[in-house]
Amino acid sequence: MKAIQYRSPGGLSNLNIGQTEDPGVPAAGEIRVKIHACSLNRHDYNVALGLLPVENGRILMSDGAGIIEAMGSEVSGFAIGDRVVSTFFPDWGQGDAPLATFARTTGDGLDGYGVETVVRSANWFTHVPRDWSLAEAATLPTAGLTAWRALVTEGHIRAGQDVLVLGTGGVAIFALQFAKRMGARVIVTSSSDEKLERAVGLGADFGVNYRRQENWSEAVLELTEGRGVDLVVETAGPGTLPQSIKATRIGGRIVLVGVLTGLSGQVPTLALMGRQQTLQGITVGSRCHQIEMIRALNAMDLRPVIDATYPFTRIVEAFQFQESGRHFGKICIEC
Ligand SMILES: NC(=O)c1ccc[n+]([C@@H]2O[C@H](COP(=O)([O-])OP(=O)(O)OC[C@H]3O[C@@H](n4cnc5c(N)ncnc54)[C@H](OP(=O)(O)O)[C@@H]3O)[C@@H](O)[C@H]2O)c1
């Protein structure tokens, strides 16, 4: 079986399309899934580069979607032929996360879905949204769920609220789409006017170019009549947090999901405290959150934005496209 494997010390030129053994017959509680698609996340890219050290030969890709080929005994809720999608934290069913690391995350501490077929616990999967392609479904476990949880599970957004979304990557575009379906007014920032136009085409109410306007919080305040937004989906981290705090209303919430500008930095604590804001870090979500999101997607008119889809064997080109920053929304690979 073909598999996308990490080769020490990492780097795209070291990525290996290798061969692994067929995973065999599912035991009790397990399902055998033919993987049809994966989506690329910043996390997968960081693992591929060796920035998040993993074992030599680790099968990459956190997010996979496919079709059940066989089932062991004691599996309930699934049938052979069902279309399923993976979960980012296979051990996190509900409640608080059991771990604060990626030691039990697929495509990192555990083998991922960049492989033709897997045999894994049925609890590591959920059903896919009705009528979605498997490539579309593969965009959900990391990017989709992070945006959903930031806005809905933790953010409790309501119709009429103002939401700020930073950038136009996978998480940000899902956040834009979910926030609009929930009745919010959405402001998107981007380095590119062309991408801002595309975001407006998807329903964004306003776009702000953060390259041209360094103090972009001023534009956000102007667009919100001086009040500031109710919620920010903070994908960029320490480099943008001071602006996000200024752009958020008194009592508003900043959900920190990304660290695109660095792993640590200074937080203007006095401004955060003075504005009585909540700064909350989140890491993806539980299986239960994923099931809630998929139930909502079955009731919503929303399809993910997939900018490009590559064949499995062209994974390096797919990562290079992600690396270029030219993408808008998600990038997928199909097996
Ligand atoms: N906590 C979690 O659960 C979780 C889950 C998923 C992802 N993440 C993290 O969230 C971040 C985004 O992930 P992703 O998969 O959406 O990445 P991505 O698809 O690669 O998106 C990157 C986009 O972010 C934008 N960006 C970069 N620097 C920016 C800045 N200074 N200000 C505003 N926007 C900026 C750019 O948008 P423009 O090209 O429009 O400028 C870029 O295209 C990453 O740090 C990732 O590790 C965290």
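Whatever order the structure lists ligands and atoms in, that order sets their numbers, starting from 1.
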Does the distance from a Lys or Arg side-chain N to an Asp or Glu carboxylate O, for Arg58 and Asp111, drop under 4.0 Å? yes

SB check Glu30 Arg120 (cutoff 4.0 Å): no

Answer with side chain, backbone, both or neither: which part of Asn46 has a heavy atom less than 4.0 angstrom from an atom of ligand 1? neither

Distance flag, aromatic centroids of Phe178 and Trp148, threshold under 6.0 Å: yes

Would you mind running through ligand 1 and noting each atom that sits below 4.0 Å from a heavy atom of Ser190? 38 (P), 40 (O), 41 (O)

What orientation do His43 and Phe102 show, parallel under 30°, tilted 30 to 60°, or perpendicular over 60°? perpendicular

Of Val259, Val188, Val284, which has the heavy atom at the shortest distance from atom 45 (O) of ligand 1? Val259

Residues forming a salt bridge (charged side-chain N to carboxylate O under 4.0 Å, His left out) with Glu317, sequence neighbours excluded: Arg314

Per-atom contacts, ligand 1 versus Gly167 - under 4.0 Å to a heavy atom: 25 (C), 34 (N), 37 (O), 40 (O)

When rounded to the nearest 0.5 angstrom, what distance separates CZ in Arg83 from CZ in Arg130? 11.0 Å

Can you check which of Phe328, Phe89, Tyr45, Tyr210 brings a heavy atom nearest to atom 36 (C) of ligand 1? Tyr210

Any protein heavy atom sitting closer than 4.0 Å to atom 42 (C) of ligand 1? no

Distance from atom 31 (N) of ligand 1 to nearest protein heavy atom, with residue and atom: Thr261 CG2, 3.5 Å

So which bit of Lys195 gets within less than 4.0 Å of ligand 1, heavy atoms only: side chain, backbone, both or neither? side chain

Side-chain donor-acceptor pair under 3.5 Å between Gln280 and Arg253, yes or no? yes

Evaluating non-hydrogen atoms only, which member of Ala172, Gly329, Gly169, Ala199 is closest to atom 21 (O) of ligand 1? Gly169

Just need the protein heavy atom nearest to atom 10 (O) of ligand 1, so name the residue and atom and give the distance. Gly258 CA, 3.4 Å

Positive for side-chain contact (heavy atoms from CB on, under 4.5 Å) with Tyr6, one of Leu52, Asp108, Leu60, Leu49: Leu60

Under 3.5 Å: N/O of Ser191 near N/O of ligand 1: yes

For atom 24 (O) of ligand 1, which of the options Thr142, Asp44, Thr283, Leu260 provides the nearest non-hydrogen atom? Leu260

Heavy atoms, side chains only, cut-off 4.5 Å: are Val152 and Met182 in contact? yes

For ligand 1, is any non-hydrogen atom under 4.0 Å from Thr146's backbone (N, CA, C, O), its side chain (CB onward), both, or neither? side chain

Would you check whether His327 has a nitrogen or oxygen atom less than 3.5 angstrom from a nitrogen or oxygen atom of ligand 1? yes

For Thr168 and Val188, what are the C-alpha separation, side-chain angles and deciding distance, and is it a side-chain contact (heavy atoms from CB on, under 4.5 Å)? CA-CA 8 Å; Thr168 58; Val188 177; 4.1 Å; yes

Once you restrict to heavy atoms under 4.0 Å, what part of Thr168 touches ligand 1? Side chain, backbone, both or neither. both

Only heavy atoms of Thr240, strictly under 4.0 Å: list the atoms of ligand 1 that pass. 31 (N), 32 (N)

Counting heavy atoms under 4.0 Å, the part of Ala236 that contacts ligand 1 is side chain

Partner of Thr106 by side-chain contact (heavy atoms from CB on, under 4.5 Å), out of Phe88, Trp124, Phe89: Trp124

Closest protein heavy atom to atom 46 (C) of ligand 1, given as residue, atom name and distance to 0.1 Å: Arg42 CB, 3.6 Å

Does an N or O from Val171, backbone or side chain, lie closer than 3.5 Å to an N or O of ligand 1? yes

Which protein heavy atom lies closest to atom 11 (C) of ligand 1, and at what distance to 0.1 Å? Thr235 O, 3.5 Å

In the protein, which heavy atom is nearest to atom 48 (C) of ligand 1, and how far is it? Val257 O, 2.6 Å

Are Glu69 and Arg32 ion-paired here, with the side-chain N under 4.0 Å from a carboxylate O? yes

Tightest non-hydrogen contact, residues Thr248 and Gln277, listed as O-NE2, 3.0 Å

